[in-house]
Number of protein chains: 2
Amino acid sequence: MPGAEIRDPTGGANHVGLRDYNERVVMSVIQRHGAIASVEIARRTRLSAQTVSVILRRLEAEGLITRGTPQRGKFGKPQTPVALAPGGVLSLGFKIGRRTTDLVLVDLAGKMRARLAATYAFPTPDKVMGFLRAGLPRIEATLSAEERARIAGIGVAVPFELWNWLDTVRASPHEMEAWRDFDFAAAIGEISDHKVFLSNDATAACAAEHAFGQGRGLSDYAYVFIGYFCGGGVVLNGAVHAGRTGNAGAFGTLPVGDTARPGHQLLHKASLYLLERRLLEAGEDPMRIWRGTEGWEGLGRPVDDWIEATARHLAVAAVAVCSVIDFEAVVIDGGFPTDVRARLIEAARRHLEGIETQGIARPVLREGAVGAQARSIGGAFLPIASEYLMVGASFGT
Amino acid sequence: MPGAEIRDPTGGANHVGLRDYNERVVMSVIQRHGAIASVEIARRTRLSAQTVSVILRRLEAEGLITRGTPQRGKFGKPQTPVALAPGGVLSLGFKIGRRTTDLVLVDLAGKMRARLAATYAFPTPDKVMGFLRAGLPRIEATLSAEERARIAGIGVAVPFELWNWLDTVRASPHEMEAWRDFDFAAAIGEISDHKVFLSNDATAACAAEHAFGQGRGLSDYAYVFIGYFCGGGVVLNGAVHAGRTGNAGAFGTLPVGDTARPGHQLLHKASLYLLERRLLEAGEDPMRIWRGTEGWEGLGRPVDDWIEATARHLAVAAVAVCSVIDFEAVVIDGGFPTDVRARLIEAARRHLEGIETQGIARPVLREGAVGAQARSIGGAFLPIASEYLMVGASFGT
DNA sequence: TTTAAATCAATAATAATTATTTATTGACAG
DNA sequence: CTGTCAATAAATAATTATTATTGATTTAAA
C-alpha cells in the first residue's frame, strides 16, 4: 500500500510554513477586525512592523487586500488602513438540504454575488448533481476570465449520513441508499476543475457565523443551527473545529429528556420538522415556514408551543455542550425569521435558569446573526478559510 | 491601565518560535513512540534529517535525551535510537482531593520517584498548604542540587470550585469559603521558587493518561475520571485541551437521566460517593474503597449495583460527549481496582448498544491504564508538557 | 561493493533590529 | 495670515541573526 507511511498528526514546520502561517494570521486579523492599520496589525500579532509591511506588500500584489485613504487628524504620518479586497477571492458554495439545494457565489467580504436554488421532495445524487451541472456554467458565465481564476474552490455543505433519514423524510429507500457510496469530490471533479471541500452542513453554517456574524467577537463557542433537523458546529481557539471526521458539533444527537424512551435526542426535540408537523395538525399551511422570505405572523399557537418546547431542550443541550468544552457562549441560529429567533433565545435563557449547572459556569446564550442562508454562505466560505485564513493548529507546509 | 492592550488570541510566529515548535514536535514524537531512530523522527515529522540531527544534538546537550545502542543486523549504518532521559526533567505534582492530598515527584518517564500523602475530613487552605510547606523540603532533601535545578515546576491538580461542595462533603461553610479567593500561585510562591501550573484535577488525570496510558495511541478523545465525584478531560489534535478557562471536560455537569428532576447531573449518577453511600446503607465499611491498595472483593451487591447504575449513565454521557466533538474514543478510569474498571467498561458498552446514536458514529469506550494515581501524576506532568511538549495550537514566542 | 544512517557545508528563506524616510500637526516668528 | 520648524508617528529600507533545506560526505554495517 504505497503512501501509507506512518506520520504523526502534527508535523514539523519550516520557513515556508512560517510565512504561510504569518500570512494567515495577518489575513485573519484583517478579516475579523475590518479595515485596520498595519501598526495595529503588528501590535495585535506581535509581529514586527517591518514583517507586517513585507507581508502586506505580498498580499496586495496578490490582490487580496486594498489600502484605504490615510486617516488624518493626528500627529505623525497618517495611518493607512488595509482591508480585504472583496473581489480578491471568490468561492462557490453548494448546499444540499432536505427540501432545497442552493448554489451560491460569495466574495471575500461575505457578499452573495449569485444564487441558484432548486426544490424537491427529497434529494438524490442524480437530481442534485444535475442541478450543479446546469447551474455552475450559468454562474461562471457571469464572470470574467480573471474572476473565474480567483475562485478558491467549491465548498459542499451536506448533512451527515443523508441515507439515514428515510423514516423522517419519506423518501424512496433505493434512491437514498445511493448516497451511501456517493463520492462528492469525484463527481464534482468530473464537471469542474475547482478544488472540492466537503463539510457537514451545520459546520458550514458555523463557519459563516464565525466569519460574518456573532463569531467575530468570540473565539470559543458552540453554534447550533436549527433547520429541518438541528445540528451545529464548534469553534476553538478562534477557528472552526470540524473535528477528526468532520462531524464535530453534531448536537442533534445529544440525549435530552428521558433517555429511557426512544426519540430522546435533541434532533427530535428542537427541529423545524416538528413545527411542520404541528402546523399540519393545526390545519395551517406548513410550507410557509420553508419559503424563507416571509414572517411567521399569524401562525399562532403551533409556533408559540414549538418555541417553548424547543427552548426548553436547547437549554439542557447548552449545559451538556458547555460541560464538554468550556465555551464562551452558545450561539443559536436557524431557518426562521429574526423575531422568532429572538423569542427562542429569550425563552431558552429563561429555561436555563432552572437547570442545575454545578461544576461549570452557566452557559451564555447568544442570537446568531447570519440566518437561514448560513449553510450555503458558510459552504462557500470553507475554501476561503482553508486557503487563506487560520485553520486551527495545523502549521506544516 | 497598563498592559491592557488588545491582542488577538493567535499571534504571529518567528524563528525562535519555529525552533521551539520543532523541538517540541521532536520531543513529543519521542515521548509518544518511545526509543526511536532519528531517521524515523524525520519521516514522521516531515523535517529534514539534518534538522532533526541539529535538534537532537541540542536536546542531548540539555540532558533531555539519551542515545541507545546502535541497532545492527541490517545493511547500512546502524540506526541509533534516541529516548527521553528519564532524569532529564523532574516535576512536582500536588493533588488536592476530597479525602486526601498527595505530593509527588515524577520524572520524564512518568515514574513516581517520591510520594507524600495526607488525609482529612475535608480540605482547607491552611491544612493543605501546611502539608505542602512541610512536604516540599522533605522531597527536595532527597535530591542533589543538579536534580533540584531540573524540576520543571509544580503542577497543582485541584477540583473546580472547591467551595461549592458543602452539602456533599459536610464541611464547615466558613472554612470552605476560604477557597473562593485563594490564590495558589501566590501561596506556593511564598514557600518555593518553582513555576506553578494550576489545573483541574480531572484534566491533570487526563494528561497522565495521555502521556503514559491509552492516550499514547490516540489523538482525539474524551477522558472520564471517576473519583469522589466524576470529572474528565479532553484531548484534541494530540494535545490535552484544558479549555479557555481550564474547565473543559467537566463531564460531571452533563445532564443525564430525567432533566426535570434535581440531581440529574452525571456527578450524581456516576461518582464514588454514591458507592460510599450504598456501602454505608448495606452495613459495609465504606473506607475500604478509599485505601486504594486493596481489591473490592466481597463487597458484593452494593458494588455490583453501583457498577450497573454508573455504567448506564456513562453510556448516555458518552453519546453526549461524542455529539459535541467526534472523538476517537471515550477513555474511562477512576479510583477503583482494575477488575472493577474492566466490569464497568464492559457494562457501559452493553448499555451503549441500547442507546440511539443517529447522527454520529457509535462511541468507542476504552479502559484507562493509569488508575487512581492519575491525578497526581498528571499534575506533575503538566509542567513537563507545558515546557517541553506540544501544547495545542499555540505557536508564538 | 552496496546500502543506509548520520552529519557537514553551503544556501535560501524569513523575521527582528536599527536607521531612514515620509507625512502630518501645531507652535511661533515674521 | 503665512511660512518654517519641532514633535510625532507610520511606513519602509538596509542589515543582521536564526533556522530549515539541499546536496555532498562520512561512517558503519552486511
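Naming: A, B, ... by sequence-line order, numbering from 1 per chain. Remember, predicted model here, so these are calculated numbers, not experimental data.
Taking 4.0 Å as the cut-off between side-chain N and carboxylate O, A:Arg57 and A:Glu60 do not count as a salt-bridged pair. Under the 4.0 Å criterion applied to side-chain N and carboxylate O atoms, B:Asp107 and B:Arg113 are assigned as salt-bridge partners.
C:dA6 atom C1' lies 12 Å from atom CD1 of B:Ile41, rounded to whole Å. Atom P of nucleotide C:dA6 and atom CD1 of B:Ile65 are separated by 11 Å, given to the nearest angstrom. For the pair A:Ile36 CD1 and D:dA11 P, the interatomic distance rounds to 11 Å; values are reported in whole Å. Regarding A:Arg19, its CZ atom lies at a distance of 17 Å from the P atom of D:dT19, rounded to whole Å. A:Leu47 has its CG atom 15 Å from the P atom of D:dT12, to the nearest Å. For the pair B:Gln71 CD and C:dT3 C1', the interatomic distance rounds to 17 Å; values are reported in whole Å. Following rounding to the nearest Å, A:Glu60 (CD) and D:dT12 (C1') show an atom-to-atom distance of 13 Å. As rounded to whole Å, 9 Å separates atom P of D:dA11 from atom CG of A:Leu56.
Comparing A:Gly76 and A:Ile55 against DNA chain C, the residue whose closest nucleotide sits nearer the 5' end is A:Ile55. Positionally, the nearest nucleotide of DNA chain D for A:Lys77 lies more toward the 5' end than for the other of A:Arg57 and A:Lys77. Mapping A:Val39 and B:Arg58 onto DNA chain D by nearest heavy atom places A:Val39 at the nucleotide closer to the 5' end.
At C:dT7, one or more side-chain N or O atoms of B:Ser53 fall inside 4.0 Å of OP1 or OP2 (strictly under the cut-off). Contact annotation: B:Asn14 side-chain N/O to C:dT14 OP1/OP2 distance is not under 4.0 Å.
As judged by a 4.0 angstrom heavy-atom cut-off over every strand, A:Ser38 is placed among residues touching the sugar-phosphate backbone only.
Here B:Gln214 pairs with B:Arg366 under the side-chain hydrogen bond (donor to acceptor under 3.5 Å, both in side chains) rule; sequence neighbours left out.
The A:Thr51 side chain lies nearest to C:dA15 when the options are D:dA28, D:dA20, C:dA15. Of the candidate nucleotides C:dT7, C:dA6, D:dT19, C:dT7 has the atom nearest to the side chain of B:Ala49. Out of D:dA20, D:dA30, D:dA17, the shortest distance to the side chain of B:Phe75 is found at D:dA30. The listed nucleotides are C:dA23, D:dA28, C:dT14; the one nearest the side chain of A:Pro78 is C:dA23. The side chain of B:Arg67 lies closest to C:dT7 when the candidates are D:dA11, C:dT7, D:dA20. Of the candidate nucleotides D:dA11, D:dA20, C:dA5, D:dA20 has the atom lying nearest to any side-chain atom of A:His15. Comparing D:dA20, C:dA5, C:dC8 by their closest approach to the side chain of B:Gln50 singles out C:dC8.
Smallest separation of non-hydrogen atoms from A:Met112 and A:Ile377: CE-CG1, 3.6 Å.
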Full working for ring pair (Phe, Tyr, Trp, His ring centres under 6.0 Å) between B:His210 and B:Tyr223: CA-CA 9 Å; B:His210 189 55; B:Tyr223 172 85; over 10 Å; no
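Here the CZ atom belonging to A:Arg150 is positioned 8.0 Å from the CG atom belonging to A:Leu90, to the nearest 0.5 angstrom.
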